[in-house]
Number of protein chains: 2
Amino acid sequence: MEPKAILDFICRRRSVRRYQKKAIPEEILEVLMKAAMAAPSGNNVQPWEFVIIRDPKTKEALSRVHPWVYMAAEAPAAIVVLGDKSSEWWEDDCAAATENLLLAAANLGLGAVWCGIKENQAAAVRKILGIPARLEVLCIVPIGYPAESPPPHTKYRKDKVHRDTYGQKF
Amino acid sequence: MEPKAILDFICRRRSVRRYQKKAIPEEILEVLMKAAMAAPSGNNVQPWEFVIIRDPKTKEALSRVHPWVYMAAEAPAAIVVLGDKSSEWWEDDCAAATENLLLAAANLGLGAVWCGIKENQAAAVRKILGIPARLEVLCIVPIGYPAESPPPHTKYRKDKVHRDTYGQKF
């Protein structure tokens, strides 16, 4: 593929926090899951699992686990990304899967936002969803057809790229 | 975009461990960096930095920091992903940036592999590259034009997708 088409695909992903009321079709949710599970994983353990939430009461409860996940209440769906902590690479693998999911969403015309969940917030999520102890909670991704359209962009900064050793530039 | 084109783009990324001797042009490396830095980041901190290594002696040294990064010696380049640990989200953000980099690479006709670096291996990488203490080492990505071509795939498993609560399926 041409570089421009590749960067268009990747830079189309932006954090979208406002959504239309339109539901996401089942087959589109399946595309998101196929994209997520195409991520690499340490020792090919594939430590990820996902909970897709459409029940309004459950979304409402999730939206209150911390101040920055309020969008989960209004979004037609929220996807919770879980990782099996028996793999030492679970967090990196699940983060890569989340990025795949977000890229697929953006290119399907959906909007979504990655809401990270720290350990002290995870207990509430566990309780709401009945998550077993072996699984960690990486994030909540509220998702829907966008009611706002931030333009594609990269945050590329040449000074963040070093050559051969740290601090050396070309 | 159509779901098939999106999944083709994402599923094209596979772990590639054998490379041709051909060098990667400078403008292609820049595309990889632009893709990486289009990742989302917690509080928009953009905690990532990158070291692109083409010096043979430095690649050779990196290839010995653990048994699974041997490919760095023969690859025409290796990219080390660093994260500023002053952001509590550095690891997730840098993992998302790495996934973007790998997706761009695959779609540019390059092959690469994510070699995770744990804290006990990071000291060696720090010493080789002169990395300041505020930065963590997420991974090393050996990269080049592929001498092997694993077919596109997803590891999608329907049983990893739950609905509304953990364990519930549609």
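Being a predicted model, the structure only gives us computed values, none of them experimental. Within every chain, numbering begins at 1; the chains are lettered A, B, ... in the order of the sequence lines, protein sequences first and strands thereafter.
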Tell me, for A:Glu27 versus chain B, whether the close heavy atoms (under 4.5 Å) come from the side chain, the backbone, both or neither.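 Interface part for A:Glu27: neither.
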Part of A:Arg12 lying under 4.5 Å from any heavy atom of chain B: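 The side chain, not the backbone.
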Residue [X] versus chain A: region with a heavy atom under 4.5 Å:
X: B:Leu7; value: side chain
X: B:Trp48; value: both
X: B:Asp93; value: neither
X: B:Glu99; value: side chain

Can you list the residues that meet the side-chain contact (heavy atoms from CB on, under 4.5 Å) rule with A:Asn120, with sequence neighbours excluded?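 Scan of A:Asn120 (side-chain contact (heavy atoms from CB on, under 4.5 Å), adjacent residues dropped) gives A:Lys118.
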Step by step, would you call A:Glu26 with A:Arg54 a salt bridge (Lys or Arg N to Asp or Glu O under 4.0 Å)? CA-CA 11 Å; A:Glu26 195 54 36; A:Arg54 292 184 287 193; 3.0 Å; yes
Between B:Asp55 (side chain) and A:Asp164 (backbone), is there a donor-acceptor pair under 3.5 Å?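 A pair under 3.5 Å: no.
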Any donor-acceptor N/O pair, A:Lys59 side chain to A:Ala75 backbone, under 3.5 Å: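 Yes.
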Linking Ile, Leu, Val, Met, Phe, Trp and Tyr by side-chain heavy atoms under 4.5 Å, what else ends up with A:Ile128?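 Besides A:Ile128, the hydrophobic cluster comprises A:Val51, A:Ile53, A:Leu62, A:Val65, A:Val69, A:Val80, A:Leu82, A:Ile117, A:Val125, A:Leu129, A:Ile131, A:Leu135, A:Val137, A:Ile140, B:Tyr166, listed by chain and residue number.
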Do you know which of B:Gln168, B:His153, B:Glu30 has the most heavy-atom pairs with chain A at a distance under 4.5 angstrom?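 Looking at each option in turn, the highest pair count goes to B:Glu30.
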Just so I understand: if I count every heavy-atom pair under 4.5 Å between each of B:Asn44, B:Val113, B:Asn107, B:Leu29 and chain A, which residue has the most?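 Of B:Asn44, B:Val113, B:Asn107, B:Leu29, B:Asn107 has the most heavy-atom pairs under 4.5 Å with chain A.
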